Asks: 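Dumping the structure here so I can ask a few things about it.
Just so it is clear, the model here is predicted, and its values are computed rather than measured. Within every chain, numbering begins at 1; the chains are lettered A, B, ... in the order of the sequence lines, protein sequences first and strands thereafter.
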There are 2 protein chains.
Amino acid sequence: MAQVSQSYHHGDLRQTLINTARSRIAEHGVGSLSLRKLAEDAGVSRTAPYHHFKDKSALLSAIAAEGFTQWQQVAREIFDNTELSARQRFRTFIHRYIGFAAGNPELYELMFGRPIWQSNSATDDLKSVAYPCFQFQVEMTRYWQAQGLLPQQQDPLRLAQVTWGTLHGIARLLIDGIYADQSHIDDMCDCAADVFMRGAPHPHE
Amino acid sequence: MAQVSQSYHHGDLRQTLINTARSRIAEHGVGSLSLRKLAEDAGVSRTAPYHHFKDKSALLSAIAAEGFTQWQQVAREIFDNTELSARQRFRTFIHRYIGFAAGNPELYELMFGRPIWQSNSATDDLKSVAYPCFQFQVEMTRYWQAQGLLPQQQDPLRLAQVTWGTLHGIARLLIDGIYADQSHIDDMCDCAADVFMRGAPHPHE
DNA sequence: CTTCATATCTTGACAGTGTCAACATACGCT
DNA sequence: AGCGTATGTTGACACTGTCAAGATATGAAG
C-alpha cells in the first residue's frame with residue numbers, strides 16, 4: 001500500500017495530517033494551526049483534508065483522542081504496577097499526571113479545552129475514548145478510598161471530581177503560566193498528595 | 001461630555017466596546033467575537049477600535065481585567081465578613097468561587113484562558129489587577145492555616161496553589177462541560193471543603 | 001479486460017477575519 | 001484663530017474555513 005509521493009492519491013493522508021498537525025500544535029500552539037498550511041505541508045491541496053475530516057474541529061478531536069489513549073496507557077500502567085504500594089502509586093500518579101500536562105502543554109490544552117467540548121461538538125470517536133478515561137479516574141479513586149488513603153465517607157464520584165479537579169487545575173495554572181512555574185511542579189504535587197492523604201495511616205512508604 | 005449619537009466622535013467608545021464585547025462574549029462565547037462586528041454594533045467603522053486597543057488581544061485583556069476586579073471584590077467581601085466563622089467563610093468562599101465561574105463561564109474562560117496569558121501577551125493593566133488577586137489567595141490561605149483549618153506544616157504558597165488549583169480545576173471541568181454538570185456543584189464544593197478541612201477541629205460550625 | 005461506482009484530490013469561489021497605511025474630521029489648548 | 005492631537009474613515013492585503021463542481025485514480029463486478 002505504500003505510495004510514491006508523486007502519485008495523485010496520497011496513500012495515508014489522514015494519519016499524515018494528524019501527525020503533522022500534532023507536531024505543529026506542540027511547537028506553535030493550537031491557535032496557529034491552519035488547515036491550509038497543513039495541507040500544503042502534506043503536499044496536498046487546500047480542500048483535500050475535508051475528505052478525511054468533516055471539520056477543522058473534527059481533526060482536532062482526532063488529535064485529542066490520540067492524547068487520551070496515550071494518557072490512558074500511562075495511567076493504567078501506574079495503577080496496575082503492583083510492585084509499588086497503593087500509597088506510592090497514588091503519589092506517582094499525581095506526579096505523572098502533572099508531568100504529562102507540563103510535557104505536552106498544547107496537547108493538554110487541546111484535550112481539555114473549551115472548543116472541543118462545548119455545545120456537544122465532541123466527535124463520537126473522541127467521546128468513546130475520553131469517557132472511559134474519566135471513568136477510570138473514578139475506579140482508581142474508589143480503590144484508594146478502599147485502601148484508606150482517601151476519605152472513605154465521601155461519595156466516590158464526588159471525590160474523583162475533586163481529586164481530578166485538583167490535578168486538572170494545577171495543570172492548567174502551570175500550562176497557562178499563571179501563578180505557578182515549572183520549578184514548583186514537584187513541590188506542588190507532593191503538597192497535593194499530602195493534603196489528600198492527610199490523616200491516612202503511614203505504613204512506611 | 002455626553003455626545004449625540006450622530007456626532008463624528010463617539011464620546012466613550014472604549015468603554016462601549018468593552019461593554020458590548022462583554023455581553024457578546026457572555027452570550028455567544030469568546031470565539032465568536034469579531035472586532036468588525038463589534039465596531040458595527042457600536043455604529044463605528046472597522047478600524048476605530050484600534051485607536052483604543054492595540055490589538056484584539058488588548059481588548060480581551062481589558063475585559064478580563066474587569067472580571068478580576070469584579071471577583072476580587074466578592075472575595076474580599078467574603079473574607080472580611082467577620083459575622084461568619086473562619087470555617088464558614090472558607091466554605092462560602094469555595095461555593096462563591098465555583099458559583100462565579102459557573103455563572104460567568106465565558107468570562108471565566110477568558111480570564112484564565114491560554115490566549116491571554118501565554119507568551120507574555122498579558123497587558124500591564126491586566127497584570128496589575130490579576131497579580132494582587134493571586135496574592136490575596138495566598139494571604140487567605142495563610143489565615144486559614146493559622147486558624148487550623150488547613151494543614152499548618154505546608155508552605156502557604158504551595159498550599160494556596162493546591163487549593164486554588166482545586167477550585168480552578170473544578171470550575172473548568174464544569175465550564176467545559178466534561179465530567180461534571182451543574183447539578184453537582186454544591187455537592188462537589190462541599191466535598192472539596194470536607195477534604196481540605198479533614199482533621200481540622202469542628203467548633204460547631 | 002472493460003465498466004462503473006466510489007474514494008480521493010483539484011481548482012475556483014465566497015464570506016469572513018485582523019490589521020496596516022493614508023486620509024478626514026473634530027476637540028481642546030495656546 | 002490656529003494648530004497639534006485624539007479620534008474616526010476608507011481602501012487594501014493576506015489570511016482563514018468551507019462549499020460546489022469537476023478531475024482522477026482505485027477496486028470490485030461483469
Asks: Using the ring centroid of each side chain, check whether B:Tyr131 and B:Phe134 are separated by less than 6.0 Å.
Replies: yes
Asks: Does one side chain, of B:Gln161 or B:Arg158, offer a donor that lies under 3.5 Å from an acceptor on the other?
Replies: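 There is such a pair between these side chains.
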Asks: Nearest to the side chain of A:Ser45, which nucleotide is it out of C:dT10, D:dG8, D:dA12?
Replies: C:dT10
Asks: Would you kindly give the CD-to-C1' distance between B:Gln15 and D:dT7, to the nearest whole Å?
Replies: 17 Å
Asks: So, A:Gln73 versus A:Arg76: side-chain donor-acceptor pair below 3.5 Å or not?
Replies: no
Asks: Using modelled atom types only, decide if a donor and an acceptor are shared between the side chain of A:Ser34 and the backbone of A:Lys37 within a distance under 3.5 Å.
Replies: yes
Asks: Can you tell me how far P of C:dG18 sits from CG of B:Leu17, to the nearest Å?
Replies: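 The answer, rounded to whole Å, is 12 Å.
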Asks: Should the side chain of B:Arg46 and the base of D:dG11 be counted as holding a donor-acceptor pair, with the cut-off at 3.5 Å?
Replies: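 Counting by modelled atom types and ignoring angles, a donor-acceptor contact under 3.5 Å is found here.
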Asks: What is the distance, rounded to the nearest whole Å, between atom CG of A:Asp12 and atom C1' of C:dT8?
Replies: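 It is 13 Å, rounded to the nearest whole Å.
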Asks: Which of residues 23-36 of chain A sit near DNA chain D, with a heavy atom under 4.0 Å from it?
Replies: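 Close to the strand are A:Leu33, A:Ser34, A:Leu35, A:Arg36.
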Asks: Just the rounded figure in Å: distance from P of D:dT10 to CD of B:Glu40.
Replies: 12 Å
Asks: Would you mind telling me which residue lines up with the more 5' stretch of DNA chain D, A:His51 or B:His51, judged by nearest nucleotide?
Replies: B:His51
Asks: Which nucleotide in the set D:dT16, C:dC9, D:dT7 lies at the smallest distance from any side-chain heavy atom of B:His52?
Replies: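 Taking heavy atoms from C-beta onward, the closest nucleotide is D:dT7.
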Asks: Just by modelled atom types, is the A:Phe196 backbone N or O under 3.5 Å from a matching donor or acceptor in the B:Arg198 side chain?
Replies: yes
Asks: Reckon B:Lys37 touches a base, only the sugar-phosphate, or nothing at all at heavy-atom distances under 4.0 Å?
Replies: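 Sugar-phosphate, no base atom in range.
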Asks: Roughly, in whole Å, what's the span from NZ in B:Lys56 to P in C:dC20?
Replies: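 Rounded to whole Å, this separation is 14 Å.
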Asks: Establish, yes or no, whether a centroid distance under 6.0 Å links the rings of B:Phe112 and B:Trp71.
Replies: no
Asks: Roughly how many Å is it from CG in B:Asp55 to P in C:dT17, rounded to a whole number?
Replies: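 Rounded to whole Å, this separation is 17 Å.
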Asks: What nucleotide among D:dT10, C:dG18, C:dT10 has an atom nearest to a side-chain atom of B:Tyr50?
Replies: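 Looking only at side-chain atoms, B:Tyr50 lies closest to C:dG18.
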Asks: I'd like to know if the side chain of B:Gln145 reaches the main chain of B:Leu150, judged simply by a donor and an acceptor atom lying under 3.5 Å from each other, with no hydrogens or angles considered.
Replies: no
